[in-house]
Structures are given as C-alpha cells and as structure tokens.
K.L.:
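Below you'll find the structure I mean.
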Amino acid sequence: MCKKSYLLLIVVLLTTFFLNFSAYSQLANRYEIRIPTVPGYVLLKCDLHTHTVFSDGLVWPTIRIQEAWHEGLDVIALSDHIEYLPFKDDIKVDYHRPFQIASPVAAALNITLIQAAEITRSEPPGHLNAIFLKDVNSLNTPDYNDALKAAFDQGAFIFWNHPGWKQPNNKSVWYDTQEEFLKKGWLHGIEVVNGNTYDPIAHQWCIEKNLTLLGNSDIHNPIGMDYELQNRKHRPMTLVLAENSSIESIKAALFARRTVIYLENNLIGDAKYLKPIFDNSIQIKYPEIEIKGKNRNVIQIQNNSDLDYELVPNGQTDEVSVEKVVLFAGKTSLLHLKGVSDTAIGEKNIQLPFTVQNLWIAPEKGLPVEINVKIKFVPTK
Ligand SMILES: [Zn+2]
Ligand SMILES: [Zn+2]
C-alpha cells in the first residue's frame, strides 16, 4: 500500500471510530467492574470467544472492541469460525482481517486484542478455540488433527468450547478424541460457561484433569441484544490473574490455570483464588461488639465489590448463633448474632463459619469462609 492510501485508511478508521462514539453515546462511557484482585496479580476481565461478520457474527470487528471497552473488559479475542462462513459471498474470506481491522481501535482504547479462531468440526471433537495465533490459515486443514497440531506448534492456548452442545440431553461427553488431545498436550482448558450456560460436568473435568476454567460469551449479536447492560447485567467473563497486563503474562496465567469465571452473580474457580477475592471485597466496619447473655447484636459488613455475597452459616460456634445474610454489592449489611449462654463472660476472638453460596469451588459446592469478630460477653445471670 502506498503512503498516501495508508494515511487515507488511518483517517477513515479514526473517523469511523470517533463517529461511532458520538453516534452511540452509550458506548462513550465505561462501566468499571469492581472485583478485587488476588495479591500478587492483576485481575483482567477477558472474553476469549466472540464472533464478527467475518464468520456468523452480526457486528463489525471494531464494534466488538467498543462493546468490550464499554462493558469494562480488558481483553478480548475475536474467534471467528474457520470452517463456518455463511457470509462468505458478501464478506471476503480472510482469517486475519478481523484482528487487523480491530487492532487500531483496541490500541486506542487500551483493550488487549488476541488473535484467535474457532476450529469448528462435528462432534467429536466439536468446537475448539485456539488463541494467541500467529498464522490462522495453517488451521484450515481437512483433518482436525492437523488443525490442532498447527495451533499447538504456534504455542497457542487451546480450549474446548461448549462441550455439552449437540450432546444427548445437552450433557457433555468425554470422547476418546479429547483423551488423545489431552495426552498430546493439545487441550489446555474447557468452557465451563458459554453464554449464560454453566456446565457442571465440564467444571468437574477441569478439577480432575487440571485444565483451565473458561467462561466466555460466544457472542454473535450486538452485545446489548443479549445482555441488559443498563440494568447491570453483564456477559460471562474469564477473570485472568496475570503478573501484569502484557499478552505474555495473560498467556502464562491461562496455562497456569489462574482463572476465575464471572457468571451473573457467581464466581467459579479454585478456593485459593475465590477466598482472597471475597476477603478483599469485604470490610467489617466495627468488629468489636458486646453481647449480653442470650441477647442479639449486629455486625456491620461493607461489601466493596459488584457481587451480592450470599452467606449461610456453616455450623455454629459455642458462643453465638448466626443467621444467613446477603452482603449486597456496594452496601453495608447487618449480620445478626445471638448469645447462647446467660453466663458467658469476657472478650473472645471468634471466627464465624459461613459458606458463600454464589462462589463455586466445585459443582454445588460453595466457598467456606470465616468472619472474624471480637465479642465482649456480659453475663445476665
Ligand atoms: Zn462453537
Ligand atoms: Zn463460537
């Protein structure tokens, strides 16, 4: 391309970009998602599975970036299908174009854009996303094994998409093909969440087979058609705990399984990550209280995150009984405590045991936590 036409292209891209911002004022503001990080890492909000008009999506690549910025994401992968191209008579097939078109807008908005593709075969093996690709064309092969090997040879991170899709009763099946991929090092993670669908079987596989948990939108429509952003609904995301926000760090974190899935009002992941996220979300405002005999008192707990934490007692202590409580996002909530003895006396540090029901460390298993308080007991007899 000559210098003049290159400059013209930049002007066209920038004009398109800023016109879109002024035309759609909603996209001129960004929601900031409040989920505290795990010490030692930055928490990056990622959607690693999206589509554009270059496969069967219904939006232009730059719009995907603007949507991502608006919704509070940090990282996005445009992962158009390699084999399924229903608009190919209208949109010229070029596997690298979505990334090339979206890159200037991503750079302008500080969104990290990852080159990706969805290997789209019948089951098994089904659909797999390969991300951090350099040469997408090399994945367009008749034999899926060659496609997977081409991705692997480029150092791609490869994950199995929506494993329950088109399976009997939508229940995921682990085929011999997946076993072979795993043995060859061609399978690094699984979508435990695709759209707003949670897959407990895939969750259990990730735990047992030491695979990375992913939660992605697989968005085809404009994002606002599927998620009511104005009502603080959000697409599912993979929260990546990276040493820094570079692409190399994101890749290293994914291979090291440092992810948490953000689905509606739930977080899904290992306890070692969910526990510090919970602990760093809450602040006990007045941790020292007095309880007279069997009377009641309250503890004020402030929740600085975007999640409503649903706490249920996980057994009782010898000194006090507690009730279930919801710690609402961005609010201070009251936790009710009741003394169990008329004769208790003196100051005690007590760890109140709870299960956070919307933080899932395994299928149907909430995160155990403790709320630390100091109680001065005053006897009534
Ligand atoms: Zn798919
Ligand atoms: Zn897809």
Side-chain angles (χ1 to χ4, degrees), residues 45-61 63-68 70-87 95 98-99 102 111 113-133 136 139 151 156-167 170-172 187-203 205-206 211-229 233-240 254 259-264 266 268:
K45 296 120 201 159
C46 313
D47 188 355
L48 304 175
H49 185 173
T50 69
H51 294 277
T52 76
V53 289
F54 281 83
S55 62
D56 58 344
L58 297 172
V59 306
W60 191 245
I63 300 295
R64 283 285 176 247
I65 306 297
Q66 288 175 266
E67 289 173 341
H70 171 62
E71 205 178 341
L73 289 166
D74 304 303
V75 180
I76 188 167
L78 304 178
S79 57
D80 280 307
H81 300 285
I82 292 177
E83 301 84 349
Y84 182 56
L85 304 164
F87 308 147
Y95 296 130
F99 182 85
I111 295 288
L113 178 61
I114 296 173
Q115 177 106 284
E118 183 168 12
I119 302 165
T120 311
R121 308 291 171 120
S122 49
E123 301 75 23
H127 299 186
L128 295 113
N129 262 24
I131 66 172
F132 309 105
L133 290 172
V136 185
L139 276 59
F157 179 84
I158 305 165
F159 57 92
W160 186 8
N161 297 339
H162 47 73
W165 193 55
K166 288 191 176 172
Q167 299 304 300
N170 294 321
K171 286 210 155 91
S172 298
L187 184 62
H188 310 122
I190 310 179
E191 275 186 345
V192 171
V193 169
N194 176 280
N196 273 352
T197 304
Y198 165 69
D199 183 339
I201 298 172
H203 190 184
W205 284 340
C206 284
L211 292 165
T212 303
L213 287 87
L214 295 128
N216 299 311
S217 69
D218 196 1
I219 188 75
H220 289 72
N221 286 327
I223 195 79
M225 285 176 73
D226 289 11
Y227 300 93
E228 291 178 21
L229 305 182
K233 304 287 184 202
H234 62 88
R235 73 177 89 188
M237 300 172 195
T238 305
L239 308 177
V240 174
L254 284 166
T259 62
V260 167
I261 297 168
Y262 183 27
L263 166 68
E264 298 175 327
N266 308 288
I268 306 165

K.L.:
State whether the side chain of Asp199 and the backbone N or O of Val192 hold a donor-acceptor pair below 3.5 Å, judged by distance alone.
P.N.:
no
K.L.:
Any chance you could lay out the side chain to side chain contact (heavy atoms under 4.5 Å, CB included) test for Ile114 and Phe99, step after step, and finish with the verdict?
P.N.:
CA-CA 8 Å; Ile114 296 173; Phe99 182 85; 5.9 Å; no
K.L.:
For the NE2 atom of His162 and the CG atom of Leu128, what is their distance to the nearest 0.5 Å?
P.N.:
9.0 Å
K.L.:
Consider only side-chain N and O atoms of His127 and Glu118, and report whether a donor and an acceptor are under 3.5 Å apart.
P.N.:
yes
K.L.:
Please report the C-alpha distance between Val53 and Trp60 in whole Å, then the side-chain angles of each, then the deciding distance to 0.1 Å, and finally whether the side chain to side chain contact (heavy atoms under 4.5 Å, CB included) criterion is met.
P.N.:
CA-CA 6 Å; Val53 289; Trp60 191 245; 3.6 Å; yes
K.L.:
Could you go step by step and tell me if Leu139 and Ile119 meet the side chain to side chain contact (heavy atoms under 4.5 Å, CB included) rule?
P.N.:
CA-CA 8 Å; Leu139 276 59; Ile119 302 165; 4.0 Å; yes
K.L.:
Looking only at atom types and distance, does a side-chain atom of Ser79 sit under 3.5 Å from a main-chain N or O of Thr50, one as donor and one as acceptor?
P.N.:
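Looks like yes, one N/O pair under 3.5 Å.
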K.L.:
Looking only at atom types and distance, does a side-chain atom of Arg64 sit under 3.5 Å from a main-chain N or O of His51, one as donor and one as acceptor?
P.N.:
yes
K.L.:
Do Thr238 and Asp47 have side-chain N/O donor and acceptor atoms under 3.5 Å apart?
P.N.:
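Note: Thr238 and Asp47 side chains miss the donor-acceptor criterion.
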K.L.:
Main chain of Ile82, side chain of Tyr95: is a donor-acceptor contact present, judged purely on distance under 3.5 Å?
P.N.:
yes
K.L.:
Can His234 and Tyr227 be counted as having a side-chain donor-acceptor contact under 3.5 angstrom?
P.N.:
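On atom types as modelled, these side chains do not qualify, holding no pair under 3.5 Å.
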K.L.:
Verify side chain to side chain contact (heavy atoms under 4.5 Å, CB included) between Leu254 and Phe132, making sure each step is shown before the conclusion.
P.N.:
CA-CA 11 Å; Leu254 284 166; Phe132 309 105; 3.7 Å; yes
K.L.:
Check for a donor-acceptor pair, side chain of Asn194 on one end and backbone N or O of Glu191 on the other, with a separation under 3.5 Å.
P.N.:
no
K.L.:
Verify the distance criterion only: is there a donor paired with an acceptor across the side chains of His81 and Thr120 at less than 3.5 Å?
P.N.:
yes
K.L.:
Not counting sequence neighbours, which residues clear side chain to side chain contact (heavy atoms under 4.5 Å, CB included) with Lys171? List them please.
P.N.:
Asn169, Ile201
K.L.:
Less than 6.0 Å separating the ring centroids of Trp205 and Trp160?
P.N.:
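When the ring centroids of Trp205 and Trp160 are compared, they turn out to be within the sub-6.0 Å range.
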K.L.:
Between Asp226 and Arg235, does at least one N-O distance fall below 4.0 Å, as a salt bridge requires?
P.N.:
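Looking at Arg235 together with Asp226, the answer is no, because their closest N to O distance does not fall below 4.0 Å.
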K.L.:
How long is the straight-line distance from CD1 of Ile111 back to SG of Cys46, given to the nearest 0.5 Å?
P.N.:
10.0 Å
K.L.:
Rounded at 0.5 Å granularity, tell me how far CD1 in Ile190 sits from NE2 in His203.
P.N.:
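If we round to the nearest 0.5 Å, Ile190:CD1 and His203:NE2 are 11.0 Å apart.
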K.L.:
Would you compute the distance between atom OG of Ser217 and atom CE of Met237 and round it to the nearest 0.5 angstrom?
P.N.:
9.0 Å
K.L.:
Quick one: does any side-chain atom of Ser172 pair with a main-chain N or O of Gly164 as donor and acceptor, under 3.5 Å?
P.N.:
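Answer holds: yes.
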K.L.:
Distance from Phe159 atom CZ to Asn129 atom CG, nearest 0.5 Å?
P.N.:
4.0 Å
K.L.:
Could you tell me whether the side chain of Glu67 and the main chain of Ile223 form a donor-acceptor pair under 3.5 Å?
P.N.:
yes
K.L.:
What distance do Asn170 atom CG and Thr197 atom OG1 have between them, rounded to the nearest 0.5 Å?
P.N.:
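One finds 8.5 Å between CG of Asn170 and OG1 of Thr197.
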